[in-house]
Amino acid sequence: MTGLPRDLVDSLFPADLAEPAELEERYPPRELPPAAEVTRFAPSPTGWLHIGGIFTASVNLDVARHSGGVYLLRVEDTDQARFEAESLSQFEMGFQYFGIQADEGGEGADATGRYGPYRQSARGDLYMAYVRDLMRRGLAYPCFETPEQAEARAARQKATGALPGYYGEWATWRDAPQDQVRTRLAAGDPYVVRFRSPGLSGHRVSFTDVIRGEITADDNRNDIVILKRSDSPLRLPTYHLAHVVDDHLMRVTLVIRGEEWVSSVPLHHQLFDALGFDRIRYAHVAPLMKQDGGSRRKLSKRKDPEASVGFYLEQGFPVEAVQYYLRGLANARLAEMPLGEALAEPLRLDEFGVAGPLLDMVKLDDISADFVASLSGEEILERVGSWADAHDAPLAAVVRAQRALALRALSVERGQGVASPRKDLRKWADFRAVYGYFFPEVFQPVTDAADPRFGGVSPDLVRALAKGFADGYLPPSPGVPWFDQVRALSASLGFAPSQKAYLRDPDAYPGSIADASGAIRVLITGTRKSPDLEAVCAALGTDEVLRRARAVG
Ligand code: GLU
């Protein structure tokens with residue numbers, strides 16, 4: 001191994017960088033109980049987080065909490081081109097919505113903390129200290145290969161059937177003569193710093209993944225770039241080096257991350273070893289999948305709206321339902337438990353599947369509807385209000401101003417004494433469509449007697465039904481069979497007393513009681529599908545019922 005002389009290496013770095021030994025002292029091992037795990041979630045900010053990110057973050061949080069450890073959030077923003085400031089606030093909204101509160105690094109946590117900073121772009125000097133250390137020890141070197149040369153190399157490798165990458169005979173700067181390096185540096189030519197990989201082509205290595213067990217893979221042979229080009233405005237390391245340095249200095253004990261990184265473990269182990277760090281345990285979580293026709297593929301933010309965390313916030317999925325569903329996907333045992341128990345039960349990494357679980361929105365809708373059905377009207381209203389504050393301001397104003405009406409509406413076929421409450425809400429965005437008609441501010445009275453919602457009842461009969469209903473209206477009252485007025489009105493206008501009677505002799509009637517009451521339902525609610533009409537009229541109050549019945553012209 002031919003390292004560059006120390007003075008030459010040092011001339012490439014700021015003089016005031018810390019020495020690795022100082023950093024060991026500055027970031028000492030944590031004082032935690034022996035089984036405590038220090039975990040982290042380390043997203044790169046690009047748009048909304050993927051729902052799989054919430055999944056991985058939740059797993060990290062869960063493992064830290066149940067082991068008495070620490071969960072930290074680290075923002076991996078070394079890729080400046082892809083960095084989006086807006087994305088960070090979207091991340092925060094997502095974490096907040098899903099109740100994923102970091103002990104270190106997150107909003108509300110100590111962002112500069114003992115082991116911070118927690119944003120990679122603020123950790124430049126730490127990375128530089130270790131790049132310098134590796135270069136001083138001949139374990140990293142400057143590489144002046146230009147993008148054109150890299151392209152030509154890749155083309156030659158392809159043409160000759162050689163494996164891609166910077167290694168062996170292709171690694172032209174690995175052992176370049178010192179004077180050549182000096183000349184290029186003196187000329188101010190841009191360079192990257194590459195890691196001198198100890199791996200050889202064809203070598204296999206084994207390691208243990210906490211989820212996947214023993215894995216044997218090709219060793220890394222590639223002299224990967226660890227520090228980006230010297231002419232970049234902000235000289236930052238690549239993910240590989242940054243992750244190793246950060247997880248070591250933050251004293252992380254268990255890296256739970258996406259499966260796409262499993263093939264990088266041999267490289268990461270080489271880096272841990274070269275830097276003199278203890279290796280950290282890894283658990284690679286399989287990605288969430290989507291059924292697409294006959295096949296399964298990864299759930300993709302580009303193709304699937306439900307892949308983006310923003311979707312769950314906008315739609316207002318109840319967090320407990322989503323968490324319960326995701327936990328059940330991770331540990332099938334939890335899907336069999338009641339929600340409250342399943343949320344409190346620790347996740348077990350050894351029960352995670354190696355194949356990616358399917359995210360089935362129909363299943364999630366069902367779980368959500370069941371969950372919402374278990375809430376009281378007050379709880380639903382509270383959540384609808386907070387959701388609407390952010391996503392439907394007019395609705396928020398209405399439900400706040402009309403709290404009593406909203407509670408009456410929500411108590412229809414729900415609440416005390418109702419054996420099977422309505423399962424009409426899966427998410428808060430459904431509220432407007434399902435309950436909006438209760439509110440005069442939201443309901444659009446049906447004014448056209450020929451409206452198709454009247455289901456073929458003639459405009460004249462619609463008008464007659466409306467007038468008769470309004471003129472003789474009897475508000476619901478205990479012990480009085482309210483529907484009798486509809487029955488009497490229907491009969492007086494010639495409708496058959498039952499669907500059966502109507503079908504026996506369709507020419508004798510304009511329709512049946514079902515058509516007549518359906519038309520009245522449309523007048524009152526704007527839809528043919530609503531809960532029990534008497535209960536709806538009770539919730540609305542007489543004045544509003546009459547206003548609606550009289551709106552049709
Ligand atoms: N920034 C990486 C990503 O978003 C993090 C991977 C890791 O958790 O180490 O994929």
Side-chain angles (χ1 to χ4, degrees), residues 37-64 69-85 87-88 90-92 94-95 100 102 104-106 115 117-124 126-127 207 209-212 220 224-226 228 234 236-272 275 277 279-288 298-302 307-309 330 349 352 356:
E37 300 284 11
V38 179
T39 63
R40 88 305 190 267
F41 181 56
S44 302
T46 46
W48 283 102
L49 201 58
H50 191 288
I51 187 68
I54 287 294
F55 182 51
T56 307
S58 305
V59 177
N60 274 290
L61 175 70
D62 197 84
V63 169
V70 173
Y71 163 67
L72 59 92
L73 175 69
R74 181 170 72 232
V75 175
E76 304 215 324
D77 56 352
T78 56
D79 203 345
Q80 292 294 311
R82 282 170 49 218
F83 176 70
E84 297 168 34
S87 161
L88 277 185
Q90 291 177 330
F91 276 24
E92 275 312 325
F95 292 136
I100 302 170
E104 292 173 19
Y115 290 89
Y118 296 92
R119 251 194 198 209
Q120 288 187 333
S121 56
R123 298 173 62 80
L126 297 171
Y127 307 124
F207 54 92
D209 181 278
V210 175
I211 292 176
R212 284 147 203 272
N220 171 62
I224 58 119
V225 174
I226 53 175
K228 295 182 192 172
L234 243 184
L236 288 170
T238 55
Y239 163 71
H240 302 296
L241 182 86
H243 131 65
V244 170
V245 168
D246 291 345
D247 285 333
H248 173 71
L249 293 183
M250 293 177 182
R251 303 294 175 176
V252 169
T253 60
L254 175 60
V255 170
I256 304 170
R257 65 180 177 185
E259 179 202 57
E260 66 274 24
W261 297 109
V262 75
S263 58
S264 302
V265 171
L267 160 65
H268 294 163
H269 280 162
Q270 289 178 355
L271 286 167
F272 275 105
L275 289 160
F277 300 160
R279 292 181 180 183
I280 300 180
R281 283 142 60 236
Y282 286 108
H284 289 92
V285 178
L288 297 175
K298 274 192 202 173
L299 188 67
S300 137
K301 264 205 303 187
R302 217 165 18 84
S308 164
V309 166
L349 291 175
F352 275 57

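All ligand and atom numbering here is 1-based and tracks the order in the structure.
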Per-atom contacts, ligand 1 versus E76 - under 4.0 Å to a heavy atom: 1 (N), 2 (C), 5 (C)
Aromatic ring pairing F272/H243, orientation class (parallel under 30°, perpendicular over 60°, tilted between): perpendicular
Numbered atoms and elements of ligand 1 in range of A42, under 4.0 angstrom, heavy atoms: 1 (N), 2 (C), 3 (C), 4 (O), 5 (C)
Nearest heavy atoms of L254 and E37, plus distance in Å: CB-OE1, 3.6 Å
Which residue and heavy atom of the protein sit nearest atom 8 (O) of ligand 1, plus the separation: R40 NH1, 2.8 Å
Nitrogen or oxygen atoms of V255 and ligand 1 under 3.5 Å apart: no
Flag side-chain contact, heavy atom, 4.5 Å: I256 against L349: yes
Proximity winner for atom 9 (O) of ligand 1, if only heavy atoms of Y239, Y282, W261 are counted: Y239
S44 N/O to ligand 1 N/O under 3.5 Å: yes
Aromatic ring pairing F277/H248, orientation class (parallel under 30°, perpendicular over 60°, tilted between): parallel
Between D62 and Y71: side-chain donor-acceptor atoms closer than 3.5 Å: no
Under 4.0 Å to a heavy atom of R257 - the qualifying atoms of ligand 1, by number: 7 (C), 8 (O), 9 (O)
Within the 6.0 Å centroid threshold, strictly below: W261 and Y239: yes
